[in-house]
Amino acid sequence: MNSQDENDAFEAAASLPPASLSARALAARPMPYLDGLNPAQLEAVMTLDGPVLMLAGAGTGKTRALTARIVHLMAERRARANEILAVTFTNKAAREMKDRVARMMGHAAHAQDTGMPWMGTFHSLSVKILRRHAELVGLKPNFTILDTDDQLRLLKQLIAAENIDDKRWPARMLAGFIDHWKNRAWTPGKVPSSEAGAYNNRGTELYAQYQERLRSLNAVDFGDLLLHCVTIFRAHGDVLAQYQRWFRYILVDEYQDTNVAQYLWLRLLAQGHQNICCVGDDDQSIYGWRGAEVGNILKFEKDFPGARVIRLEQNYRSTPHILAAASGVIAANAARLGKTLWTEAEEGEKVRLIGHWDGEEEARWIGEEIEAISRGTRGWDPVGLNRQAILVRASHQMRAFEDRFLTIGLPYRVIGGPRFYERQEIRDAMAYFRLAVSPDDDLAFERVVNTPKRGLGDKAVQRIQTEARAVGMSLLEGARSLLAGGGLTGKGAGQLRQFVEGVDRWHGAVAQTRPAPAEAVIEPMFPDTPAANDLSHVRLAEVILEESGYVSMWQNDKTPEAEGRLENLKELVKALEQFDSLQGFLEHVSLVMENDSEDAAEKVSIMTLHAAKGLEFPVVFLPGWEDGLFPSQRSIDESGLKGIEEERRLAYVGITRAEVLCTISFASNRRVYGQWQSQLPSRFIDELPVAHVDVLTSPGLMGGGYGAAAPAGFGGGFGGGFGSGIEERATKADVYNSPGWRRLQDRQAARPAPKPRPQTIDIAADGAWTVGDRVFHVKFGYGHITGIEGDKLDIRFEKAGEKKIVSRFVMPADVPF
DNA sequence: CCTTACTGGCTTTTT
DNA sequence: GCCAGTAAGG
């Protein structure tokens with residue numbers, strides 16, 4: 001795409017004298033991207049040389065400053081586009097940055113390959129680097145990137161070969177250790193002896209074996225992408241020097257999330273010129289569990305002497321009450337760089353706090369709140385569903401909301417849920433594609449030789465493996481050799497022959513659609529160019545899926561999910577259109593395991609707190625603030641005080657996602673592993689500053705009862721409790737904080753096996769049912785009885801269809817419960 | 001070799 | 001309560 005005008009603008013800007021901070025200089029030059037920046041942001045944008053640490057609190061416009069800085073670097077002619085490296089953690093962040101830079105530069109988004117800085121995730125950039133120098137770590141440039149699934153299968157094989165009982169020493173555990181070591185940039189030889197006890201003393205040894213195996217498979221896992229780059233940079237000064245010359249200015253987003261390997265990666269690259277600008281917020285460091293080191297940001301000034309530290313503290317997102325609540329919580333953390341967020345926003349509502357009887361009631365209450373808020377019946381302006389979110393600590397909490405929202409027909413979307421590319425059918429299909437692209441991909445071979453069933457069980461696969469090892473070749477070749485030698489007979493043999501021939505055919509077809517994969521991958525930074533002329537890799541994909549029998553496998557499947565799987569396969573093939581080859585697609589998918597189908601419909605978002613980082617919503621619900629759940633018990637057990645501090649930062653992230661209304665809630669009882677458990681309110685609740693919190697009367701715990709609050713549209717019960725008198729709020733807050741309230745909780749905790757508030761009425765048990773009655777079921781919603789059989793009812797639900805339900809699970813619809 | 005029934009282990013969080 | 005992985009039966 002052409003952008004001559006914009007280039008002219010840059011030429012014009014560049015011919016002017018060098019930058020200075022003086023107002024006159026600013027006024028004299030066309031730098032619209034600086035408009036509206038506050039002094040701190042401006043400083044962060046204009047301080048181009050030397051190390052800069054931008055401490056950017058939540059909602060302080062750091063992305064704005066970051067992108068302006070990139071554009072400024074170019075406008076000032078400090079660097080050409082390809083001399084700037086901007087690193088993010090997530091693909092989403094990278095995309096957003098690209099878009100915003102492009103927009104600021106005046107280009108259309110996704111404009112062209114040239115003229116844009118290097119922007120990407122640590123992982124995607126590492127792949128590009130690694131492909132160029134693969135041989136330096138014993139790989140070929142077309143190495144494959146394994147996902148966790150492949151990784152686990154590989155480890156299981158190693159474990160089995162060592163006769164280790166994987167019941168007692170699960171592969172996941174070993175994977176955890178290896179991941180941990182790679183995050184610290186420890187190659188097998190460099191793992192310190194303090195780790196020797198890992199995985200029953202066998203950890204390091206198996207790590208070495210695993211790496212060897214990866215090399216022989218010409219494969220890497222996620223951790224390797226960083227690790228290999230660091231290894232290369234360290235061992236080959238000439239290569240490093242080349243990249244140091246190339247990337248003259250480096251910018252890093254979310255610096256607080258970097259692990260040791262990433263830190264080294266950056267430090268090595270920035271070593272010469274020291275032109276590195278790291279943006280981060282120590283208070284939002286929430287990835288310690290996957291190796292992130294808050295320490296990296298805390299010691300930045302030590303690592304880069306003379307660093308300029310710039311604090312962005314003006315918050316443009318939230319109301320003062322919300323900020324104060326968040327600040328109050330985070331203040332309890334010890335190791336902080338310290339920031340004071342402030343805002344010019346109007347006061348708004350206090351943070352609301354409410355306790356519930358159990359998790360289901362919590363979900364019910366939140367559902368009703370969301371509906372009320374979206375309709376504007378709450379006394380505030382209506383806030384659409386797209387602008388409301390529920391942020392949970394752990395994904396299993398989502399179910400309660402999904403169940404409830406399904407029942408009441410409230411549209412929702414789960415963000416970061418089960419991912420498209422992690423679905424079984426997608427991975428199977430991808431394995432076929434992988435095999436077509438590189439027939440020697442043993443892991444792919446293993447995955448699909450017997451999918452669909454080809455009469456090749458464990459025994460047959462084992463024989464193929466032995467044969468492959470004997471001839472020293474891939475499984476495919478092993479299979480070929482086995483067939484040729486008549487080592488396999490019967491039904492399986494014929495089908496295996498077909499399979500092998502299929503792979504050969506598909507591989508031939510791939511070669512025809514596109515030659516020379518390895519070298520071609522390196523240069524284009526933004527390979528997402530539209531499909532090219534060739535004999536359509538899209539069609540080839542369809543052919544593969546059909547000829548392999550994979551499609552018919554699902555077509556013949558009678559289970560209810562089969563249809564959806566076929567749909568997903570169609571979607572997969574459609575996604576291929578965006579790429580110009582199968583291998584390009586595979587590369588993309590291995591790095592971008594995401595699934596954000598853009599859909600415009602109004603829906604409430606449900607996601608984890610982790611997934612919510614970087615997002616904002618006018619209305620935010622934070623359920624499940626209970627000790628053990630949040631802060632999570634596991635986090636406490638594994639990391640003690642450090643763990644709690646990280647959880648607290650998570651709380652901080654949660655609260656600061658809210659723009660105008662933030663509601664925290666907890667339940668006294670919750671089902672854990674199907675068992676009812678008493679819960680205590682989270683310790684973080686005690687840290688909320690009372691002056692900024694409204695304690696709502698809980699429908700289940702304090703008077704009123706659920707019936708008073710529920711279907712009648714918030715007429716009674718706690719409905720009038722908020723938005724009204726100030727003195728009442730103070731009292732309630734006091735009540736909550738009083739020892740008595742705690743004792744109430746304690747008493748509930750002491751109660752044996754608490755049950756959910758009864759949701760059925762006893763007449764149900766008496767057989768007082770008549771065909772045609774309208775009934776309500778917690779999960780399936782409303783319906784009519786179409787038949788009665790003892791204590792089982794046939795019910796036609798309005799939303800969920802026909803079901804047979806034991807009568808005590810439903811209640812008469814028209815009786816207020 | 002494939003299907004079914006059962007058991008046990010477990011759930012943070014993800015590039 | 002759910003899934004994966006295993007044991008037994010077809």
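Note that these values count all heavy atoms, side chains included, but never hydrogens, waters or copies made by symmetry. Chain naming here is simple, since letters A, B, ... match the order of the sequence lines and numbering starts at 1 in each. What you see is a predicted model; the values in this text were computed from it and never measured.
No contact: A/Asp637 has no heavy atom under 4.0 Å from any strand. Contacts of A/Tyr673 with the nucleic acid, taken as non-hydrogen atoms under 4.0 Å apart, include base atoms. A/Glu646 comes within contact range of no nucleotide atom at all, as no heavy-atom separation falls under 4.0 Å.
Rounding to the nearest 0.5 Å places CG of A/Asn568 at 4.5 Å from CD of A/Glu425.
Of the listed nucleotides (C/dG1, B/dC2, B/dT15), C/dG1 has the atom at the smallest distance from the side chain of A/Arg399. If you check B/dC2, B/dT14, C/dG1 against the side chain of A/Arg671, the one that comes closest is C/dG1. The side chain of A/Tyr287 lies closest to B/dT14, out of B/dT11, B/dT14, B/dT15.
Using a 30° and 60° split on the angle between ring planes, A/Phe579 and A/His588 fall in the tilted class, from 30° to 60°. Using cut-offs of 30° and 60° on the angle between ring planes, the pair A/Trp169 and A/Tyr199 is perpendicular. Note: A/Trp181 and A/Tyr207 have tilted aromatic rings, judged against thresholds of 30 and 60 degrees for the angle between ring planes.
Going from atom CD of A/Gln424 over to atom C1' of C/dA4 covers 12 Å, rounded to whole Å. Rounded to a whole Å, the OH atom of A/Tyr263 is 25 Å from the P atom of B/dT15. The distance between atom CG of A/Asn259 and atom P of B/dT14, rounded to the nearest whole Å, is 16 Å. Atom pair A/Gln151:CD and B/dT14:P shows a separation of 17 Å (rounding to whole Å applied). One atom, NZ of A/Lys182, and another, C1' of B/dT14, lie 16 Å apart when rounded to the nearest Å. As a whole-Å value, the separation of A/Leu629 CG from B/dT11 C1' is 11 Å. Summarising the geometry, the separation between CG on A/Leu650 and C1' on B/dT14 is reported as 13 Å, rounded to the nearest angstrom. Atom CG of A/Asp149 and atom C1' of B/dT15 are 16 Å apart (whole Å).
Of the candidates A/Arg336, A/Arg648, A/Gln256, A/Arg649, A/Asp283 forms a side chain to side chain donor-acceptor pair (under 3.5 Å) with just one, namely A/Arg336.
Looking at which nucleotide of DNA chain B each of A/Thr90 and A/Asn450 is closest to, the 5′-most match is held by A/Asn450.
Salt bridge status for A/Lys613 with A/Asp257: present, with a side-chain N to carboxylate O gap under 4.0 Å. The pair A/Asp179-A/Lys182 does not count as a salt bridge, with every side-chain nitrogen at least 4.0 angstrom from each carboxylate oxygen.
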**OP:** Could you walk me through whether A/Arg131 and A/Glu587 pass salt bridge (Lys or Arg N to Asp or Glu O under 4.0 Å), step by step?
**Re:** CA-CA 12 Å; A/Arg131 293 237 187 258; A/Glu587 173 98 356; 2.2 Å; yes
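Here A/Phe89 does not lie in a stacked arrangement on the base of B/dT15, lacking the combination of planes under 30° and ring centres under 5.5 Å apart.
Between A/Arg657 and A/Tyr652, the side chains place no donor N or O within less than 3.5 Å of an acceptor N or O (distance only, hydrogens not considered).
Put simply, A/Asn183 has no side-chain N or O that comes within less than 4.0 Å of OP1 or OP2 on B/dT15. Taking side-chain N and O atoms only, A/Thr608 has a distance below 4.0 Å to OP1 or OP2 of B/dT14.
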Tabulated below should be each protein N or O lying under 3.5 Å from an N or O of nucleotides 5-10 of chain C; please produce it.
from  : atom 1 : to       : atom 2 : distance (Å)
C/dG5 : OP1    : A/Lys156 : NZ     : 3.2

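A cation-pi arrangement, defined by a distance under 6.0 Å to the six-membered ring centre and an angle within 45 degrees of its axis, is present between A/Arg184 and A/Trp186.
Contacts between residues 452-462 of chain A and DNA chain B, counted as heavy-atom distances below 4.0 Å, involve A/Lys453, A/Gly455, A/Leu456, A/Gly457, A/Lys459, A/Ala460.
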